[in-house]
Structures are given as structure tokens and as C-alpha cells.
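Everything on this sheet refers to the single structure shown next.
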Amino acid sequence: LINATNAQNFDLISAEKNAILINNFEFFKDEINENSDEKNYYINADFEFTLHKNLEEALHRGINLNFVAEFTLQKPRKFWFDKHILQKKHSLQLSYHPIQREYRLNSYETELFGLSQNFNNLFDALRVIKRLRHWQIISANDANYLQNGKRYYANFSIYLDNSKLPKPFQISIIGDKTWQLSSDIKKWEFTYKIIQKLYIREL
């Protein structure tokens, strides 16, 4: 288990850079069936950020905001670039519907949030985005690519994905720092052990 309590190097981007802060971060193996051959790993995290008035105004004008949590796993190599093992993304799209006067979150990951959730106010919608729970980032099938006793590098971040914005709007916000909303990249190293504990060292 890796968490913010025992982390010695938890560097985050300063608030002046319109950052998403990562709090209470946990990377853990499924503890429900510890002695099983099933090898499932999860992430819990809390995020803190303020939605700039420019983003809120765009949202109310019909521009959807797409938040993406991203996890990547690499295997270190001595004489070449680290080998890419897998990448997982968890996306939440925030939209506003003026006729119903409600905010909506859409996700393709039905096991986490269902297809959509509706909210009467922006505060409640953002509260869901800011709380990631039990996100499976290494499944039993993914574990087939991992080797017992080997070290791996993991990276985690969350950001506002502007590539999903309408093309003309993407051009109009070039250079606008209020739309550059992202977290620092959280990095850690772990040794993969079958039916054993994770040994983790902060990078």
C-alpha cells in the first residue's frame, strides 16, 4: 500500500499553475481474497482543484469538460528506454443542460459510476470528480504481462483533456492558462510478488 501518509516525496505543482492536487493517494492489491491467484490492483485518490470562472462560463455555454485519470506501467531496462507495459484511462465528462437546469457526469466505466449521474448543482458534480475509489488499474489478465520478483515503474496523473473540445474552441484557448488544468505526475516503483505483499519505494 502506498499512501500520502507515509510518502516522503509527494511533490505537487503549485497552486499558481492552476493545478489539480492529489491527496490521500493509495495504490493497493485486492485484500478481499489475499491468498487467491487473482491479481487485481486498485487506486484510491482524492483531488483538490478550483474550476476557473472561464471554465465554468464555457460549461454553461454548452462546452463539455472532460477529466481523465491516467495510469501507465513500465518495466525498467538498463540499455534502452523503459518498456511500456500497459496504460489505463478513466474519463468523466461534465456537461450542463440548461433546460433541465442540471449538471451531468457521463462515464463509460459502468462498474464505477454507471452511464450517467445528474446533479442539481456544480458543487456536487465536482465532488464526484474529486473522489476516485477502487479504480482497477491492473486486472488478473493484465498481470499475465508481469513477472514475479521484477521491478516496475508506475505513473498516475489527472488532467482536463482539451483534445476532446470542439476544434474551433481548441484554437481559441491556445495560450489560455486557465484551461491548463492538470496534476503533477505521481511516480512510484514496486516489485511484483505473487501472493505476497507489495514492496514500494518512492521515486
Side-chain angles (χ1 to χ4, degrees), residues 10-23 25 43-74 81-133 135-137 142 153-188:
F10 209 75
D11 295 331
L12 297 169
I13 298 175
S14 64
E16 299 95 49
K17 295 184 179 180
N18 202 28
I20 299 176
L21 302 181
I22 303 175
N23 299 319
F25 179 83
I43 282 179
N44 288 339
D46 294 323
F47 312 116
E48 185 59 43
F49 64 90
T50 300
L51 200 64
H52 193 277
K53 62 180 181 180
N54 289 354
L55 277 69
E56 187 172 340
E57 181 180 352
L59 178 66
H60 290 151
R61 289 184 175 183
I63 300 297
N64 298 334
L65 304 181
N66 295 274
F67 292 85
V68 178
E70 183 174 315
F71 171 83
T72 60
L73 192 67
Q74 296 175 320
F81 296 108
D82 295 338
K83 182 179 180 180
H84 181 80
I85 302 297
L86 63 88
Q87 179 184 56
K88 295 288 180 71
K89 290 185 178 182
H90 169 63
S91 303
L92 280 177
Q93 184 184 80
L94 175 62
S95 59
Y96 177 69
H97 299 265
I99 297 178
Q100 295 89 348
R101 293 185 179 181
E102 64 182 16
Y103 299 87
R104 183 172 300 167
L105 279 178
N106 292 314
S107 172
Y108 295 106
E109 300 185 53
T110 56
E111 71 276 14
L112 287 178
F113 296 106
L115 291 176
S116 66
Q117 288 186 8
N118 298 325
F119 302 88
N120 294 324
N121 58 74
L122 181 58
F123 177 84
D124 289 340
L126 291 177
R127 186 167 57 179
V128 173
I129 296 175
K130 294 177 179 180
R131 190 173 187 269
L132 180 63
R133 287 294 180 273
W135 179 34
Q136 186 181 68
I137 42 82
D142 295 326
Y153 295 149
N155 302 293
F156 173 80
S157 64
I158 180 171
Y159 56 90
L160 181 63
D161 187 2
N162 293 331
S163 69
K164 298 294 195 300
L165 297 172
K167 293 298 181 182
F169 196 83
Q170 290 184 37
I171 297 175
S172 68
I173 64 171
I174 292 177
D176 188 346
K177 292 184 178 181
T178 62
W179 284 83
Q180 298 173 14
L181 184 60
S182 64
S183 74
D184 195 6
I185 298 177
K186 177 65 183 168
K187 301 180 179 181
W188 68 98

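Here, residue 1 is the first one in the sequence, and each next residue gets the next number.
With sequence neighbours excluded, the residues satisfying ring pair (Phe, Tyr, Trp, His ring centres under 6.0 Å) with His60 are Tyr96, Tyr103. Residues satisfying the side-chain hydrogen bond (donor to acceptor under 3.5 Å, both in side chains) test with Asp82, not counting sequence neighbours, are none.
Salt-bridge check for Glu57 with Arg61: passed, with a basic side-chain N closer than 4.0 Å to an acidic carboxylate O.
Taking the ring centre of Tyr153 as origin, the terminal cationic atom of Lys187 falls outside the region bounded by 6.0 Å and 45° from the ring axis.
Between Ser182 and Ile158 there is no side-chain heavy-atom pair separated by less than 4.5 Å. Proximity of Leu73 to Asp142: side-chain heavy atoms (C-beta onward) are nowhere separated by under 4.5 Å.
Between the side chains of His97 and Ser95, at least one donor N or O sits under 3.5 Å from an acceptor N or O. In this model, a donor atom of one side chain and an acceptor atom of the other lie less than 3.5 Å apart for Asn66 and Gln93. Residues Arg133 and Asn44 bring no donor and acceptor atom of their side chains to less than 3.5 Å of each other.
Atom CG of Asp176 sits in a crowded spot, with more than 12 heavy atoms from other residues, nucleotides or ligands closer than 6.0 Å.
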request  = Let me see the working for Phe25 and Phe156 under ring-ring contact (aromatic ring centres under 6.0 Å, His included), right down to the final yes or no.
outcome  = CA-CA 10 Å; Phe25 179 83; Phe156 173 80; 5.4 Å; yes

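To the nearest 0.5 Å, atom CG of residue Asn118 and atom CG of residue Asp124 are 12.0 Å apart.
At least one donor-acceptor pair closer than 3.5 Å links the side chain of Asn162 to the backbone N or O of Trp179.
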